[in-house]
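Contents: one structure, followed by commentary.
Not measured: the values here are computed from a predicted model. Proteins come first, then strands; the chains are lettered A, B, ... in the order of their sequence lines, and each starts at number 1.
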Protein chains: 2
Amino acid sequence: MKPGPRRSVSQSDLVAAAFELLEQKGFAAVSVRGVAAALGLTPTAMYTYFPSKQALLVAMVEELLSGVAGQSSGADASPEAARDFLVVTAVALRARLREHPGAIALVTSGPLDGARALGLAERLGEAFLTSGAGDVDTAARAAHALLALVLGQVALETAWGEASEIEPAALWSDAPPHPITDAGAALGVREGAEGEFRLAIERLVDAWR
Amino acid sequence: MKPGPRRSVSQSDLVAAAFELLEQKGFAAVSVRGVAAALGLTPTAMYTYFPSKQALLVAMVEELLSGVAGQSSGADASPEAARDFLVVTAVALRARLREHPGAIALVTSGPLDGARALGLAERLGEAFLTSGAGDVDTAARAAHALLALVLGQVALETAWGEASEIEPAALWSDAPPHPITDAGAALGVREGAEGEFRLAIERLVDAWR
DNA sequence: ACCTGAACACCGTTCAAGT
DNA sequence: ACCTGAACACCGTTCAAGT
């Protein structure tokens with residue numbers, strides 16, 4: 001079943017193979033050639049399924065975001081339920097992004113304007129509305145800020161997580177001490193303990209209600 | 001003055017040339033070969049100045065962050081002055097990141113553990129402490145969250161900014177409507193109007209005091 | 001319609017050699 | 001010490017050709 005006018009794999013297969021590479025060898029290893037080879041295809045065969053590598057990455061982001069926000073946002077639920085939805089969704093999104101090393105590189109490299117990304121932003125806005133945000137404009141701003149906090153937090157966690165592996169000798173350098181930042185490191189702020197994250201999310205959510 | 005055992009350029013020259021490329025051709029164009037060529041050097045000559053491309057990128061991030069937070073954080077100032085410092089610093093950091101297209105790709109690709117990045121986090125923590133944060137731990141968490149919000153906000157602005165150029169025809173697609181998100185777009189949330197940004201920062205800062 | 005093979009214009013990095 | 005030139009093992013993408 002090598003050549004022939006019949007489709008041998010699917011778009012989903014390419015996305016799955018790409019995630020396999022992302023998980024095992026990092027973002028840099030997610031190449032057109034690598035993905036194609038993992039499926040026994042020639043690099044050029046990929047262009048039958050996606051118009052470009054960028055399109056493949058967008059499909060990966062969509063896959064990553066799928067299912068993060070449940071079907072119902074709780075538009076007809078109580079303010080307390082809506083608040084819970086916001087916190088739970090933020091925690092779930094962070095967990096999803098942390099599952100795959102290099103996921104933020106993926107998210108920040110590929111545009112976030114897919115249907116799933118916009119749908120997620122919309123659900124967050126709805127939840128802010130029923131949880132106590134005064135009007136639609138405020139809800140939109142709040143949803144934007146919540147999404148930004150989650151993204152930035154994961155980006156910082158990843159950056160600082162990688163960094164600590166590289167230069168442990170920096171402790172003996174002549175750099176000035178950082179008592180507060182070090183206290184944060186001891187707290188697990190850098191490593192991204194879930195409790196710390198949830199606390200920050202709750203503060204932001206409550207600030208917009 | 002082609003060869004010879006005398007240093008013909010400096011590390012700063014390489015960083016400057018790299019920013020020139022970043023500004024004019026985007027993050028993907030910041031290559032070892034491109035930077036070297038801009039200075040009339042061979043690609044391999046760069047490895048006399050930096051041990052790797054990654055080291056060059058880290059130097060760029062440090063340059064980007066330099067001067068964002070002033071010398072004094074206002075540790076001996078009033079709580080109100082400290083609050084102002086936090087907001088002003090966040091706004092300045094965002095402006096700095098937005099100056100160069102592809103700056104977030106740079107920041108998220110290269111680690112943020114340079115001296116400047118840690119120093120910035122420390123100054124923010126100090127300011128939170130004098131502005132009303134109860135203890136060192138809370139200040140560390142607050143500084144982390146503020147940094148994350150700025151980073152994530154710029155990342156979202158960039159992603160949505162690029163996206164809107166690609167597919168204006170999506171308005172006519174069969175996708176479900178997004179009234180809240182669209183209201184946000186009309187507000188300038190996506191494009192990143194400074195007023196919207198400052199408002200979100202103030203909410204987060206006040207939530208931690 | 002789907003896929004291959006060759007080709008184009010690139011990458012980061014290493015290494016021996018020159019001055 | 002600083003730099004060049006050649007080389008290695010890669011990239012994304014295009015294009016003509018096969019079935």
TODO: Would you kindly check whether a donor in the side chain of A/Thr44 faces an acceptor in the base of C/dG5, or vice versa, at under 3.5 angstrom?
DONE: yes

Task: B/Lys53 NZ to C/dT14 P, straight-line distance once rounded to whole Å - done: 14 Å

- [ ] Measure from the side chain of B/Thr42, starting at C-beta and using heavy atoms only, and say which of D/dG12, C/dT4, D/dT4 lies closest.
- [x] D/dT4

Task: Opposite nucleotide pairing with D/dC2, Watson-Crick or G-U, both atom distances under 3.5 Å - done: C/dG18

- [ ] Provide the Watson-Crick or G-U wobble partner of D/dA7, both distances under 3.5 Å; none if there is no partner.
- [x] C/dT13

Open item on the list: Taking any heavy-atom pair under 4.0 Å as a contact, classify A/Ser31: base, sugar-phosphate, or nothing.
Closed with: sugar-phosphate

Open item on the list: In this structure, how many angstroms lie between the C1' atom of D/dG12 and the CZ atom of A/Phe50, rounded?
Closed with: 16 Å

- [ ] Quick one: pull up CD in B/Glu99 and CG in B/Leu22 and give me the separation to the nearest 0.5 Å.
- [x] 11.0 Å

Task: 5' priority, DNA chain C, between B/Gly34 and A/Ala45 [closest heavy atom] - done: A/Ala45

Task: Atom-to-atom span, OH of A/Tyr47 to C1' of D/dT14 - whole angstrom - done: 9 Å

Task: B/Arg203 charged N/C atom sitting above A/Trp208 aromatic ring, 6.0 Å / 45° - done: yes

TODO: Check whether any side-chain heavy atom of A/Asp135 sits under 4.5 Å from a side-chain heavy atom of A/Leu129, and report yes or no.
DONE: no

Open item on the list: In whole Å, measure the gap between the P atoms of C/dC10 and D/dA9 for me.
Closed with: 22 Å

Task: Separation of D/dC3 C1' from B/Leu14 CG (nearest whole Å) - done: 13 Å

Task: Donor-acceptor under 3.5 Å (A/Arg96 side chain, A/Ser66 main chain) - done: yes

Open item on the list: I want to confirm an ordering. Mapping B/Pro43 and B/Arg33 to their closest nucleotides on DNA chain D, which one lands closer to the 5' end?
Closed with: B/Pro43

TODO: Rounded to the nearest angstrom, tell me the gap between atom CG in A/Leu21 and atom P in D/dC10.
DONE: 13 Å

Open item on the list: In whole Å, I'd like the distance from the NZ atom of B/Lys25 to the C1' atom of C/dC10.
Closed with: 13 Å

Open item on the list: Under 4.0 Å, heavy atoms only, any strand: does A/Tyr49 hit a base, just the sugar-phosphate, or nothing?
Closed with: sugar-phosphate

- [ ] Round to the nearest Å and state the distance from A/Leu57 atom CG to D/dC11 atom P.
- [x] 14 Å

Open item on the list: Tell me whether A/Glu157 is salt-bridged to A/Arg94, with the criterion being a basic N under 4.0 Å from an acidic carboxylate O.
Closed with: yes

Open item on the list: What is the separation between atom CZ on B/Phe27 and atom P on C/dC11, rounded to the nearest whole Å?
Closed with: 13 Å

